[in-house]
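Just below is one structure, and these are the notes that go with it.
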Amino acid sequence: MLDQSQLQEMGLEVLLVNHPLVQHKLTLMRDKSQSSTQFRALLREISWLLCFEVTRDLPLTEKPVETPVEATTAPVLSGKKLVFISILRAGNGMLDGMLDVIPSARVGHVGLYRDAKTLEAVEYYYKVPAQMEERLVIVVDPMLATANSAIAAVSRLKEGGARNMRFVCLISAPEGVRAFNEAHPDVSIVTAAVDDKLNEKGYIVPGLGDAGDRIFGTK
Ligand code: PRP
Ligand code: URA
C-alpha cells in the first residue's frame, strides 16, 4: 500500500485519509472471514469518517439563533443541499454512512456494472435530483480499480449539469487514480487506501475482493 509521499512521487492527485480508525476498520474489512453483516457495519462506520474529510471545507454562513441565554449569530451550512451520488450497487454501502452524517442531503443513483471481459462500465440506471449545477456533488463507490466506472459516472453527471464534484472511495489502485486524474482533473479523489496494483482480472491487489458481493452476500 502506498503512502502520501509515494503518491506524490508518482504524480498521483489523491487525498489519502490515514486516520488510525479508518485504517484499523479497513484492515478488518480486508479480512475474507468477515461476515456480510460485519462488512456492511464497518463500511458504514468508515463512511462517517470519510464524510468528515470530504466535507471539511464546506462553506458556512452566519444565522441568528436565540439560545436560552441570549440572542447571537452562529454558523450553518450555506448554499443548496449537497447531493450524494451512489454508483450502484456497492456505492449504497457507503451511502448509508454518508446519510447518517448529513441526513438532509439529496441522493442520486448511477447504475453501472463492469463487463467482466472488457472491464468497460455499462450503464443501466440514472436518476439524480434537480439543479445539479448549483449543488456540491459527492460521488461514492468503495472501489476505484481501472476507474472505468467512476470516469463514466462523472462524465454522465457532467452531461447532466454537475459542475462541482468530489469522488470518495475506500480502496483505489494507482492505475485507477492516474486514469481518473487524467479524465477528470477537476474532480478530487478522497480514499482510505491506494493499494499496490490491479491483477489481470482488474481486481485491486491486495484489495478486499468484490465489494458488492461482500456487502450484499451475493457470491
Ligand atoms: C465494482 C465497484 C466499482 C467498480 C470498480 O462494481 O463497486 O463500481 O467495480 O471497478 P472499475 O474501477 O474497474 O470500474 P461492479 O461493477 O462489480 O458492480 P456492483 O457494484 O454491482 O457489484
Ligand atoms: N471491483 C471490486 O469490487 N473490487 C475490485 O477489486 C475491483 C473492482
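Scope of the values below: all heavy atoms of this structure, side chains included, with no hydrogens, waters or symmetry mates. No experiment lies behind these values; they were computed from the predicted model shown. One-based numbering, in listed order, for ligands and for the atoms of each.
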Per-atom contacts of ligand 2 with [X], taking only distances under 4.0 Å to non-hydrogen atoms:
| X | value |
| --- | --- |
| Gly202 | 7 (C) |
| Ala145 | 7 (C), 8 (C) |
| Arg114 | 7 (C), 8 (C) |

Indicate, with yes or no, if [Y] and [X] share a hydrophobic cluster defined by side-chain heavy-atom contacts under 4.5 Å among Ile, Leu, Val, Met, Phe, Trp and Tyr.
| X | Y | result |
| --- | --- | --- |
| Leu99 | Ile87 | no |
| Phe180 | Leu7 | yes |
| Val22 | Leu208 | yes |
| Leu49 | Leu58 | yes |

Between Arg30 and Asp195, is a side-chain contact (heavy atoms from CB on, under 4.5 Å) present by the stated rule, with each step listed? CA-CA 12 Å; Arg30 290 182 190 274; Asp195 277 8; 2.7 Å; yes
Determine if the distance from atom 1 (C) of ligand 1 to the closest protein heavy atom is below 4.0 Å.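 No.
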Residue, atom name and distance, where the atom is the protein heavy atom closest to [atom]:
| atom | answer |
| --- | --- |
| atom 3 (O) of ligand 2 | Ala211 N, 2.8 Å |
| atom 17 (O) of ligand 1 | Asp210 OD2, 4.0 Å |
| atom 16 (O) of ligand 1 | Arg114 N, 2.9 Å |
| atom 18 (O) of ligand 1 | Leu112 O, 4.1 Å |
| atom 14 (O) of ligand 1 | Ser149 OG, 2.5 Å |
| atom 5 (C) of ligand 1 | Met143 O, 3.5 Å |
| atom 13 (O) of ligand 1 | Thr146 OG1, 2.5 Å |
| atom 5 (C) of ligand 2 | Tyr203 CD2, 3.4 Å |
| atom 21 (O) of ligand 1 | Arg89 NE, 3.1 Å |
| atom 6 (O) of ligand 2 | Ile204 N, 2.8 Å |

[X]: numbered ligand 1 atoms lying under 4.0 Å from its heavy atoms:
| X | result |
| --- | --- |
| Ala90 | 7 (O), 20 (O) |
| Gly212 | 22 (O) |
| Leu88 | 20 (O) |
| Tyr113 | 16 (O) |

Do any heavy atoms of Ala147 fall under 4.0 Å from ligand 1? yes
Could you check if a side-chain atom of Arg214 sits within less than 4.5 angstrom of a side-chain atom of Leu43, using non-hydrogen atoms only? no
Ligand 1-proximal atoms of [X], by part, heavy-atom distance under 4.0 Å:
| X | answer |
| --- | --- |
| Asp141 | side chain |
| Leu119 | neither |
| Ala145 | both |

Distance-only side-chain donor-acceptor flag, Thr218 / Arg89, under 3.5 Å: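 Judged by distance alone, the side chains do pair up.
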Closest contact, heavy atoms only, Gly91 versus Ser86: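 Taking every non-hydrogen atom into account, C-OG, 3.1 Å.
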Show the nearest heavy-atom pair for residues Asp57 and Val54, with the distance to one decimal. OD1-O, 4.3 Å
If you look only at distance, which donor and acceptor atoms sit under 3.5 Å apart when one is on a side chain in residues 124-141 and the other is two or more places apart or in another chain?
| unit_1 | atom_1 | unit_2 | atom_2 | d |
| --- | --- | --- | --- | --- |
| Arg135 | NE | Ala130 | O | 3.0 |
| Arg135 | NH1 | Lys81 | O | 2.8 |
| Asp141 | OD1 | Met143 | N | 3.3 |

Test side-chain hydrogen bond (donor to acceptor under 3.5 Å, both in side chains) applied to Glu123 - qualifying residues, sequence neighbours left out: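 In terms of side-chain hydrogen bond (donor to acceptor under 3.5 Å, both in side chains), with neighbours along the sequence ignored, Glu123 is linked to Arg156.
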What do you reckon, does Gly207 put a non-hydrogen atom under 4.0 Å from ligand 2? no
Assess whether a salt bridge exists between Arg44 and Asp100, defined as any Lys/Arg side-chain N lying under 4.0 Å from an Asp/Glu carboxylate O.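 Yes, this pair counts.
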Distance-only N or O hit between ligand 2 and Gly209, under 3.5 Å: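 There is such a contact, yes.
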Only one of Leu144, Val194, Val190 forms a side-chain contact (heavy atoms from CB on, under 4.5 Å) with Val14, so which one is it? Val194
Once rounded to the nearest 0.5 Å, what's the spacing between atom CD of Glu53 and atom CZ of Arg166?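 Reported value, rounded in 0.5 Å steps: 11.5 Å.
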